[in-house]
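In what follows, a structure is listed as structure tokens, so that the remarks can point back to it.
Per chain, numbering begins at 1; letters A, B, ... match sequence-line order.
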2 protein chains.
Amino acid sequence: MNKKDIKILLVDDEPDILEIVGYNLTSEGYQVITAENGQEGVKKAKKELPHLIILDVMMPEMDGIEACELIRKHPDLQNTLVVFLTARGEDYSQVAGFDAGADDYITKPIKPKVLVSKVKALLRRFKDEEAADMVKLGSLTINRDEYKITSKGKEIILPRKEFELLSLLASKPGKVFKRDEILDTVWGNEVVVGGRTIDVHIRKLREKIGDDSFKTIKGVGYKFVD
Amino acid sequence: MNKKDIKILLVDDEPDILEIVGYNLTSEGYQVITAENGQEGVKKAKKELPHLIILDVMMPEMDGIEACELIRKHPDLQNTLVVFLTARGEDYSQVAGFDAGADDYITKPIKPKVLVSKVKALLRRFKDEEAADMVKLGSLTINRDEYKITSKGKEIILPRKEFELLSLLASKPGKVFKRDEILDTVWGNEVVVGGRTIDVHIRKLREKIGDDSFKTIKGVGYKFVD
DNA sequence: GAAATTATCGCAAAAGTGATGCCAAAAATT
DNA sequence: AATTTTTGGCATCACTTTTGCGATAATTTC
């Protein structure tokens, strides 16, 4: 899953917090949705089905704990990650928070780096659980975990982009990936690179993996065949 | 001392707790003795001289605090580790518990992993406990308890960070650990350190263990190979 | 259907970027 | 005081991207 496809819901009654946290997550490339109170938070959670929810514990009317409990009841949000924002010293809420189904908590005052790294760590865990890490395709084995590729017994270490490009193409052998799709996935649509970039990488792969594994569909894109 | 020679006394009036905790500790290889109330607990403690006692605070008649005080009076049980089991929120008992001579406490509901790791951590303090977790990987032996590493017969003593870094990398030989992951695990995500820190440590390890054991995957991270 | 035109791709070399290694020195631990 | 850990500054190297041009396929025109 691409970073830009990850939705984070931010629920806090303080606009300041909303802004600073929102800013940091957005600039990391995540999609951020905000809500200013518990009710709205729960509503948006159900509607948007975010991957991660950051909930302030202390909020007027419906507090984070209650909101979390409601969120957890929704079938589609069972596995959503929930992080609590709590003031230091409110240790009771931490405990209760875990009880309510929180996955982690962050204490205020918020340090952006800590925040971002926690979010990353959580999402990584989430990702790991979801995705099987090895893909086998005939003579090719792609091992995301070890970042290496085995082709006909030989072990090949590929640089990042080449590795990701191959991963993508090989994930659905035979399928033609349009240039746009490839750019979106491997480079991310924020980065704008020239049109020749893709074929340069394809060429590198052809050199390393085998010339005939990659077919060009002119005007469309490329596909990987076994 | 061998794990199987370590006796743990479990005192709780709820059979359920006795069973679940007992099961977890037994399957870790410890010898578990149980008692269903304070009196019986104190009696068994004196008779069996366990290495660690897990005491429920809330018990009819004689509560955990009282039991602990009695236990501590026995000359042969001065150094025995005592852990309290307390329901969340009973924070008073925690304080009183430490007063009474507890070494740690665990809150209910009990999470087996937390329990086991606390028990391990406490027992580790016993000097005479022999290498509980040793990991062998080809030419490397990692001795978690003594922060020591044996490589090709040579014994190497590593500083903490280096040791932890090596432990992490060696825990899954071949797996590539991303810089982020390494930071999270070795440094903890609260601490924010600069980017050069990791490679300096890697360099130290390369000097000490062997240059070719550590491979760099540029743009991703490092991996350990045997 | 053949030739001309145009778009797209392959390739190689060059330029650019960013990550890593290494050092030395400052901080922090012990 | 000695050791360990972190930092910052370079130098370097590896990878990535750009660029330019020729080749090839697709499309249009005759």
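Dashed line: the shortest gap from a side-chain N or O of B:H201 to OP1 or OP2 of D:dT6 is under 4.0 Å. Under 4.0 angstrom from either OP1 or OP2 of D:dT17 there lies at least one side-chain N or O belonging to A:W187.
Spacing between atom NZ of A:K161 and atom P of D:dC15 amounts to 14 Å, rounded to whole angstrom units. At whole-Å resolution of the value, CD1 in B:I198 and C1' in D:dT4 are 17 Å apart. The nearest whole Å value for the distance from the NZ atom in B:K204 to the C1' atom in C:dA24 is 12 Å. In this structure, the CG atom of A:L165 is 16 Å from the P atom of D:dC15, given to the nearest Å. Spacing between atom CD1 of B:I157 and atom C1' of D:dA2 amounts to 16 Å, rounded to whole angstrom units.
You'll find the side chain of B:V119 stays beyond 4.5 Å of the side chain of B:V83, heavy atoms only. B:L166 is listed as a side-chain neighbour of B:L140, based on a closest heavy-atom distance under 4.5 Å.
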Steps toward salt bridge (charged side-chain N to carboxylate O under 4.0 Å, His left out) verdict (A:R179, A:D199): CA-CA 10 Å; A:R179 283 172 165 265; A:D199 37 86; 3.1 Å; yes
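Residues B:L158 and B:T197 each lie close to DNA chain D; by heavy-atom proximity, the contact nearer the 5' end of the strand is made by B:L158.
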Just the table, please: protein N/O against nucleotides 6-12 of chain C N/O, every pair under 3.5 Å.
{"residue": "C:dT8", "atom": "O3'", "partner": "A:G219", "partner atom": "N", "Å": "3.3"}
{"residue": "C:dT8", "atom": "O2", "partner": "A:K218", "partner atom": "NZ", "Å": "3.3"}
{"residue": "C:dC9", "atom": "OP1", "partner": "A:G219", "partner atom": "N", "Å": "3.1"}
{"residue": "C:dC9", "atom": "OP2", "partner": "A:R179", "partner atom": "NE", "Å": "3.0"}
{"residue": "C:dC9", "atom": "OP2", "partner": "A:R179", "partner atom": "NH2", "Å": "3.4"}
{"residue": "C:dG10", "atom": "OP1", "partner": "A:R206", "partner atom": "NH2", "Å": "2.4"}
{"residue": "C:dG10", "atom": "OP1", "partner": "A:T216", "partner atom": "OG1", "Å": "2.6"}
{"residue": "C:dG10", "atom": "OP2", "partner": "A:Y222", "partner atom": "OH", "Å": "2.6"}
{"residue": "C:dA12", "atom": "OP2", "partner": "A:R203", "partner atom": "NE", "Å": "3.4"}
{"residue": "C:dA12", "atom": "OP2", "partner": "A:R203", "partner atom": "NH2", "Å": "3.2"}

Can you tabulate the close N/O pairs, meaning under 3.5 Å, that link protein atoms to atoms of nucleotides 25-30 of chain C?
{"residue": "C:dT30", "atom": "OP1", "partner": "B:R160", "partner atom": "NH1", "Å": "3.4"}

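An end-to-end axis angle of 40° holds for the helix from C:dG1-D:dC30 to C:dT30-D:dA1, taken from five base pairs per end and rounded to 10°.
Ring-plane geometry between A:F163 and A:Y147 is classed as parallel, the angle between the planes falling under 30 degrees on a 0 to 90 degree scale with a further cut at 60.
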